[in-house]
Number of protein chains: 2
Amino acid sequence: MSLVFKALSDPTRRRVLEMLRERPMSAGDLAAAFPVSKPTMSAHFAVLREAGLIASEKQAQSVIYHLQMSVLEEAMLGFAQAFGWQLQPAAKPESSTD
Amino acid sequence: MSLVFKALSDPTRRRVLEMLRERPMSAGDLAAAFPVSKPTMSAHFAVLREAGLIASEKQAQSVIYHLQMSVLEEAMLGFAQAFGWQLQPAAKPESSTD
DNA sequence: TTTGTATTTAGCTAAATATCAAAATAGAGT
DNA sequence: ACTCTATTTTGATATTTAGCTAAATACAAA
């Protein structure tokens with residue numbers, strides 16, 4: 001749980017999670033969306049991975065990251081419970097179905 | 001929001017919040033519940049205070065801390081919303097009414 | 001005003017974190 | 001076997017963090 005909150009304490013990493021909520025994305029595509037170097041982004045991915053919040057699969061040269069929604073949910077549920085809140089998990093977002 | 005998650009990333013600080021959910025407590029009483037020095041606890045209180053999660057009032061020699069539930073709620077609501085969850089806030093816990 | 005109790009600040013160390021540029025690795029394609 | 005592209009690792013530096021002891025502050029009480 002500490003690892004999850006630590007991971008969430010950085011705005012870049014929170015934004016990465018939000019982006020991955022829409023769809024899986026490659027490390028490069030994610031990195032391109034932020035004003036920091038690719039090695040720095042790689043380190044952020046590592047923090048998220050170690051917290052269990054994202055997972056990766058290799059696809060040709062690329063590394064595709066995807067959100068592990070269940071881990072995020074469990075951490076939030078666990079915490080919410082300690083404060084007597086109820087959290088109802090969500091439907092997946094529509095990937096701009098226009 | 002980053003400050004809140006940063007504050008929550010330490011188990012001692014999370015436990016402090018849980019204890020303050022039951023009732024306001026003095027710095028000393030809180031400190032006595034953890035196996036670290038009082039200055040260390042004071043630093044934890046400062047982190048929680050800067051995140052807005054607790055507030056203090058002076059009472060004679062003591063400093064009484066209390067939870068700012070609304071700040072915690074708002075941070076959680078904000079985050080939950082970004083992931084499409086619903087969070088319903090809670091009743092205050094019974095302070096062992098036996 | 002001296003003493004005692006409660007809490008914080010100061011000053012320190014060790015470990016962790018965030019960032020970068022440069023080098024290394026992994027795969028595909030030529 | 002090269003060469004390109006994508007990503008991570010390495011090595012360096014700066015900052016932050018968690019912890020400690022000792023000193024300072026705040027207030028009450030004697």
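First the proteins, then the strands, lettered A, B, ... as listed; each starts at 1. Being a predicted model, the structure only gives us computed values, none of them experimental. The figures that follow rest on heavy atoms only: side chains count, while hydrogens, waters and symmetry mates do not.
A 4.0 Å heavy-atom criterion places the boundary nucleotides of DNA chain C facing chain A at C:dT17 to C:dA28, written 5' to 3'.
One can place CD of A:Q59 at 11 Å from P of D:dT7, the figure rounded to the nearest angstrom. Going from atom CG of A:D29 over to atom C1' of D:dT7 covers 12 Å, rounded to whole Å. In this entry the distance linking CD1 of A:I54 with C1' of D:dT8 reads 13 Å, nearest Å.
Among the atoms of the strands shown, none is found under 4.0 Å from any heavy atom of B:T12. Looking at heavy-atom distances under 4.0 Å, B:Y65 makes contact with sugar-phosphate atoms alone, never a base. Heavy atoms of A:S62 sit under 4.0 angstrom from primed sugar atoms or phosphate atoms, though from no base atom.
The same ILVMFWY cluster, assembled from side-chain heavy atoms under 4.5 Å apart, contains both A:M1 and B:M19.
Below 30°, between 30° and 60°, or above 60°: for B:Y65 and B:F45 the angle between ring planes is between 30° and 60°, a tilted geometry.
Taking each heavy atom of B:M41 and B:T12 in turn, the nearest pair found is SD-CG2, 3.9 Å.
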Original post:
Where do B:E18 and B:R21 land on the salt bridge (Lys or Arg N to Asp or Glu O under 4.0 Å) test, with the steps shown first?
Top reply: CA-CA 5 Å; B:E18 286 183 37; B:R21 193 188 169 223; over 6 Å; no

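Place B:P39 and B:H44 on DNA chain D by their nearest nucleotides, and B:H44 ends up nearer the 5' end. Summary of the strand contacts: A:K6 and B:S26 both lie near DNA chain C, and taking for each the nucleotide with the nearest heavy atom, the more 5' one is attributed to B:S26. For the pair B:K38 and A:V36, nearest-nucleotide mapping onto DNA chain C gives the more 5' position to B:K38.
Within a 6.0 Å radius of CD in A:E57, more than 12 heavy atoms belonging to other residues, nucleotides or ligands are found.
Looking at residues two or more places apart in sequence or on another chain, you find a side chain to side chain donor-acceptor pair (under 3.5 Å) between A:T40 and A:S37.
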